[in-house]
Amino acid sequence: MEKIRLGLIGLGLMGTPHARILKKVEECDLVAASDVDEKQKAVTEELGIKFYKNYEEMIGTENLRGVILAVPNHLHAPIGIACAQKGLHLFVEKPIAQSVSEADRLIEAAEQNKVRILVGHQRRFSSLVEKAREIVTGGELGRLVGVTITWALLKPGPYFEGLLSWRKEKGGGPILINLIHEIDNLRYICGEIEEVFALVSNKVRNFPVEDTASITLRFRNGALGTIFLSDCTPSLTSWEGTTGENPLLYHDFGNCYQFFGTDGSLLFPQMKRRYYSDPEKVGWNYPVTEQGYKMVREDPYIKEFSHFCRVVIGEEAPRTSGEDGRRTLEVTLAIQRSGETGQPIRL
Amino acid sequence: MGRVRLGLIGMGMIGKLHAETMSRMKDLEFVAASDVDAKHQKTAEELGTKFYQSYEEMISKEKLDGVVVAVPNELHLPIGSTCAKKGLHLLMEKPIAADLESADRLIQAAKENKVHLMVGHHRRHNPLIEELRNIVRGGKIGKLVGVTVLWSLYKPKDYFRGPFAWRAQPGGGPIRINLIHEIDNIRYICGDITRLYAEVSNEARKFAVEDTVSINLRLAGGAVANIFLTDTAPGNIGYEANTGENLFFYHSPENCYIYYGTEGVITFPKMKKFFYRDAAKAGWQFPLCEEGIKIDREDPYTRQIRNFCGVIQGSETPKIDGVDARKTLEVTLAIQKSGETGQPVVF
Ligand SMILES: NC(=O)c1ccc[n+]([C@@H]2O[C@H](COP(=O)([O-])OP(=O)(O)OC[C@H]3O[C@@H](n4cnc5c(N)ncnc54)[C@H](O)[C@@H]3O)[C@@H](O)[C@H]2O)c1
Ligand SMILES: NC(=O)c1ccc[n+]([C@@H]2O[C@H](COP(=O)([O-])OP(=O)(O)OC[C@H]3O[C@@H](n4cnc5c(N)ncnc54)[C@H](O)[C@@H]3O)[C@@H](O)[C@H]2O)c1
């Protein structure tokens with residue numbers, strides 16, 4: 001396969017590691033990157049790719065097939081639309097856009113210009129999530145009745161300081177920044193969410209943004225979801241604290257999700273399935289049998305970008321399409337709104 | 001005052017346990033027991049106590065200080081108030097009564113006849129729960145942030161068959177029967193519940209009664225709590241199975257509650273405290289410290305009867321009186337209602 005020429009826009013916290021990883025992806029050739037901030041030029045020199053201060057210049061001259069967008073959320077739609085109009089396929093960091101209506105505009109522009117969108121929900125490429133999805137959708141747990149999710153950890157003081165003080169404000173908190181990943185995982189593993197409710201609190205930090213939430217979800221297939229979310233408690237019971245996916249954060253070997261079905265339950269990410277192995281001995285007075293799954297460790301980002309290349313050439317349909325990214329955003333925003341109104345929201 | 005003289009009404013599943021407990025206790029006199037079903041005479045004889053088929057005969061013939069009432073819920077009010085009129089102190093099995101109006105009338109009857117009314121939410125007498133309460137209320141995990149409660153115990157098919165067919169009907173399910181204990185624990189440990197929401201499902205068993213519930217609670221101090229409950233998934237997670245309090249349930253050493261505070265997290269019933277020792281190294285990139293909490297185990301049913309004796313002798317106050325138990329019933333019924341109406345309930 002001929003290497004696909006890609007460019008990257010936005011060399012910040014996320015874009016910089018993306019640039020490094022893209023250089024390792026065989027299917028593509030990252031030829032250029034752009035950032036309005038000249039300071040980010042250093043990494044392009046290190047990687048031997050061209051730097052543009054102006055992304056429009058980059059997409060006008062580089063003869064690219066696709067771009068990776070890692071710019072702030074409010075620029076996803078405008079920059080994405082400009083790239084789509086040039087016929088470039090889009091990898092858009094999560095969330096797809098700042099609002100559902102902007103997501104709609106971006107999706108429409110992609111359709112009109114016949115380009116595909118892949119949204120950067122990289123956890124869908126985690127081998128743990130892939131396996132959990134296979135177990136749940138393959139019926140190994142029987143009929144899914146529910147799932148519990150805990151995302152409880154302590155964000156340290158400096159997380160909110162200096163240039164990062166926007167994280168104290170509405171929208172900068174755990175629902176829009178962190179929970180959106182859990183929601184996308186759940187939608188991918190368990191199916192569509194059709195109703196949400198949230199009790200939200202900021203009583204610990206007393207910032208305008210929430211620090212804790214208790215959430216209920218109803219899935220279209222009838223299963224229920226329960227989420228506890230908090231960023232102000234000394235805990236490792238979270239995706240970050242249990243999967244070890246993020247090398248900057250400490251992790252232990254606990255579980256952050258548990259899936260419950262009529263024939264079994266699944267502890268995640270320990271990947272242990274519990275069930276009654278003897279049909280004569282089923283019920284609360286009998287022990288459960290525990291079965292493990294052998295897992296391989298893979299870098300989700302490399303898998304994600306390889307997949308993007310195959311999406312660009314039309315070999316694969318995007319694992320997280322624009323519609324999918326939009327729905328994940330819609331559900332997450334509905335949770336935020338339910339917390340504000342105190343009412344359940346049907347989607 | 002000499003040894004407290006007690007009688008028992010109802011010798012079914014839980015009544016039998018009370019009978020055994022009272023017969024073992026030296027500091028009281030287990031004078032007599034009654035059940036409409038004559039087959040229980042044998043148990044009474046074995047335990048060395050008198051047996052009556054009519055409880056009215058028992059309470060008029062025997063000189064008693066108090067009675068333990070362990071009859072079906074609809075009989076709590078009539079039998080409880082008859083005993084109160086005889087001046088007998090009451091230990092009523094939970095729930096206090098079948099509905100709130102009956103609870104009010106029973107509370108009134110006890111008041112008018114100047115007898116104590118205590119309710120059998122026996123978990124309050126478990127040293128594990130008492131210690132958890134002391135930890136939370138004593139500020140040992142800082143300010144309470146949130147609580148997660150998991151109850152996933154699989155009810156076998158026989159549980160719903162023959163004389164137990166009522167358990168498949170509305171009111172016979174896990175909210176009224178099992179969840180009420182979780183609500184009482186949360187109220188005892190954390191304080192009042194101010195707002196709640198519940199999603200309820202019967203999709204797995206398709207019985208008229210619920211099989212799965214997801215609940216969000218707001219607590220008076222500002223913390224939130226989640227409860228996920230299902231009786232149709234193999235999980236072996238739940239207070240009964242995890243504490244080993246009742247060995248009818250398979251004893252699996254798991255945690256069913258996690259209490260999250262700003263300074264520490266407690267897992268229950270393993271009773272481990274997690275925290276950051278060094279404030280300069282507190283946050284998601286650092287490992288947590290773990291500390292065990294020493295607890296002396298003691299049978300909660302024995303302690304409950306002992307508390308009842310102390311109340312009768314005037315040396316103790318009831319761990320849970322009628323008004324308190326009514327509140328637990330009120331919250332439990334509100335969960336049922338929220339599930340039906342799809343609306344949150346505010347207290
Ligand atoms: N998938 C994940 O887990 C994950 C994690 C973090 C961030 N993100 C997403 O990645 C995106 C970027 O976040 P970040 O944390 O890297 O932010 P950041 O602020 O660190 O980086 C954004 C970069 O974009 C540059 N930029 C701004 N306007 C530009 C323009 N017109 N042209 C070119 N460059 C421009 C900025 O100079 C900055 O370097 C966001 O959408 C965020 O939600 C995703
Ligand atoms: N604290 C707990 O954990 C717990 C556990 C189980 C039951 N309970 C409560 O205990 C009560 C009894 O439940 P159970 O499971 O033991 O029920 P059960 O049906 O096993 O026992 C009830 C007994 O009461 C007897 N009875 C009925 N009418 C009577 C009367 N007029 N006089 C004397 N006896 C009479 C019945 O014959 C039966 O033996 C209920 O209120 C229930 O909610 C509490």
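FYI, side chains are in, hydrogens and waters are out, and symmetry mates aren't considered; it's all heavy atoms of this structure. To find a chain, count down the sequence lines: A is the first, B the second, and so on, and within it residues start at 1.
- Highest contact tally toward chain A, considering only B/V200, B/L196, B/V346, B/L247, is held by B/V200 [criterion: heavy-atom pairs under 4.5 Å].
- A salt bridge between A/E161 and A/K155 is absent, with no side-chain N of the basic residue lying under 4.0 Å from a carboxylate O of the acidic one.
- In this structure, the portions of A/L224 lying under 4.5 Å from any heavy atom of chain B include both its backbone and its side chain.
- In terms of non-hydrogen atom pairs under 4.5 Å with chain B, the most contact-rich of A/A198, A/G222, A/A213 is A/G222.
- Looking at A/R133, its side chain does come within 3.5 Å of a backbone N or O of A/Y188 through a donor-acceptor pair.
- At a 4.5 Å heavy-atom cutoff, B/A241 makes no contact with chain A through either its backbone or its side chain.
- The backbone N or O of B/A198 sits less than 3.5 Å from a side-chain atom of B/S338, completing a donor-acceptor pair.
- Note: B/S201 leads B/S252, B/S201, B/G142 in heavy-atom pairs under 4.5 Å with chain A.
- The greatest number of non-hydrogen atom pairs below 4.5 Å with chain A, out of B/H251, B/Q343, B/Q285, B/E263, is found for B/Q285.
- Of the possible donor and acceptor atoms, one in the side chain of A/N221 sits under 3.5 Å from a partner among the backbone N and O of A/C190.
- Residue contact with chain B, scored on non-hydrogen atoms closer than 4.5 Å, involves the side chain of A/R218 exclusively.
- Between chain A and the residues B/R195, B/E240, B/K143, B/R218, the largest count of heavy-atom pairs under 4.5 Å involves B/R218.
- Of the possible polar contacts, none joining the B/T212 side chain to the B/T230 backbone as a donor-acceptor pair under 3.5 Å is found.
- Only the backbone of A/I227 comes within contact range of chain B, with at least one heavy atom under 4.5 Å from a heavy atom of that chain.
- Using a 4.5 Å cut-off between heavy atoms, A/S235 touches chain B through backbone and side chain atoms alike.
- Taking 4.5 Å as the limit, every side-chain heavy atom of B/I189 sits out of range of all side-chain heavy atoms of B/V147.
- A side-chain donor-acceptor contact under 3.5 Å links A/T233 to the backbone of B/G261.
- At a heavy-atom cut-off of under 4.5 Å, chain A is reached by no residue from residues 131-141 of chain B.
- Residue A/A223: no heavy atom, backbone or side chain, is found under 4.5 Å from chain B.
- Among the candidates B/D231, B/D158, B/N202, B/I237, the residue making the largest number of heavy-atom pairs closer than 4.5 Å to chain A is B/I237.
- When A/S230, A/G146, A/S265, A/P287 are compared by the number of non-hydrogen pairs under 4.5 Å with chain B, A/P287 comes out ahead.
- Interface remark: B/A225 contributes backbone atoms only to the contact with chain A (heavy atom separation under 4.5 Å).
- With a 4.5 Å cut-off on non-hydrogen atoms, A/D211 does not touch chain B at all.
- Looking at A/Y286, the atoms closer than 4.5 Å to chain B (heavy atoms on both sides) all sit in the backbone: N, CA, C or O.
- B/N185 and B/Y257 share a donor-acceptor pair across their side chains, judged by distance under 3.5 Å alone.
- Only the side chain of A/T150 comes within contact range of chain B, with at least one heavy atom under 4.5 Å from a heavy atom of that chain.
- Proximity to chain A among residues 265-276 of chain B is limited to B/V265, B/F274, B/F275, B/Y276, judged by heavy-atom separations below 4.5 angstrom.
- Neither side chain, A/R143 nor A/T262, offers a donor N or O lying under 3.5 Å from an acceptor on the other.
- Chain B forms the most heavy-atom pairs under 4.5 Å with one residue out of A/G283, A/P234, A/G225, and that residue is A/P234.
- Salt bridge present: B/R123 and B/E182 bring a charged side-chain N and a carboxylate O closer than 4.0 Å.
- In the model, B/E245 has a side-chain atom that pairs as donor or acceptor with a side-chain atom of B/H122 under 3.5 Å.
- A donor-acceptor pair is defined here as one N or O able to donate and one able to accept, closer than 3.5 Å; no such pair exists between the side chain of A/K170 and the backbone of A/E210.
- Using a 4.0 Å cut-off between a side-chain N of Lys or Arg and a carboxylate O of Asp or Glu, A/E134 and A/K131 qualify as a salt bridge.
- Counting non-hydrogen atoms of other residues, nucleotides and ligands closer than 6.0 Å to NZ of B/K16 gives a total of 12 or fewer.
- Per-residue heavy-atom pair counts under 4.5 Å with chain B were compared for A/L153, A/T216, A/L266, and the maximum is reached by A/T216.
- Salt bridge absent: A/R337 and A/E330 never bring a charged side-chain N and a carboxylate O closer than 4.0 Å.
- Proximity of A/T237 to B/Y260: side-chain heavy atoms (C-beta onward) are separated by under 4.5 Å at one or more points.
- Using a 4.5 Å cut-off between heavy atoms, A/I215 contacts chain B through its backbone alone, with no side-chain atom that close.
- In this structure, B/Y239 and B/N126 have side chains that are in contact, with non-hydrogen atoms separated by less than 4.5 Å.
- Between A/L267 and A/Q258 there is a side-chain heavy-atom pair separated by less than 4.5 Å.
- Using a 4.5 Å cut-off on side-chain heavy atoms (C-beta onward), B/Y188 and B/H121 make no contact.
- Without hydrogens or angle criteria, A/S338 side chain to A/Q343 main chain gives a donor-acceptor distance under 3.5 Å.
- For the set B/L150, B/I258, B/N216, the entry with the most heavy-atom pairs within less than 4.5 Å of chain A is B/N216.
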